[in-house]
Amino acid sequence: MNARLISPLLLQLARICGLVRTVRPCRLPSHRPRWGLEVEGRGFRRLLLATPYLAPGHVQLGSAPVGRPHEFRSPGHARVYARRLGLSCGYQG
């Protein structure tokens, strides 16, 4: 999937600056039903980046995938996660 991604830190910064218009769940192209959070703002549209959980001693190889969207099992899970980040999530079916 070649979608542009946004990290949660940059998303919060854009939200504070008033650049985020809507956040909504969107269906990800996959063989199993997965959902992501699409962030639409002033001049950009991105998917929320899945942040890796780094443990002490964790080595990330240069050939590892750079980024992938955060995946959820249903649109409801995506909305709850958006609310936890402090974003209002409007779903447009």
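The main-chain N or O of Leu85 is found under 3.5 Å from a side-chain atom of Gln12 such that the two form a donor-acceptor pair.
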Show me the donor-acceptor pairs within less than 3.5 Å that the side chains of residues 41-48 make with the rest of the protein, sequence neighbours left out.
residue: Arg45; atom: NH2; partner: Glu40; partner atom: OE1; Å: 3.3
residue: Arg45; atom: NH2; partner: Glu40; partner atom: OE2; Å: 3.4

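A donor-acceptor contact closer than 3.5 angstrom links the side chains of Thr22 and Arg24.
Of the candidates His70, Arg68, Glu38, Glu71, Glu71 is the only one forming a side-chain contact (heavy atoms from CB on, under 4.5 Å) with Leu28.
If you take CZ on Arg34 and CZ on Phe72, they are separated by 11.0 Å, rounding to the nearest 0.5 Å. A distance of 12.0 Å separates CG of Leu11 from CG of Leu5, quoted to the nearest 0.5 Å.
Contact record, Pro25 with Pro75: CG-O, 3.7 Å, taken as the closest heavy-atom pair. Minimum heavy-atom separation, Arg27 to Pro33: NH2-CA, 3.5 Å. The two residues Arg73 and Trp35 have their closest heavy-atom pair at O-CD1, 3.7 Å.
Looking at heavy atoms from C-beta onward, Arg15 lies in side-chain contact with Leu87 at the 4.5 angstrom threshold.
Judged as a side chain to side chain contact (heavy atoms under 4.5 Å, CB included), and not counting sequence neighbours, the contacts of Ser7 are Leu9, Leu10, Leu49. A search for salt bridge (charged side-chain N to carboxylate O under 4.0 Å, His left out) contacts involving Arg84 returns nothing, not counting sequence neighbours.
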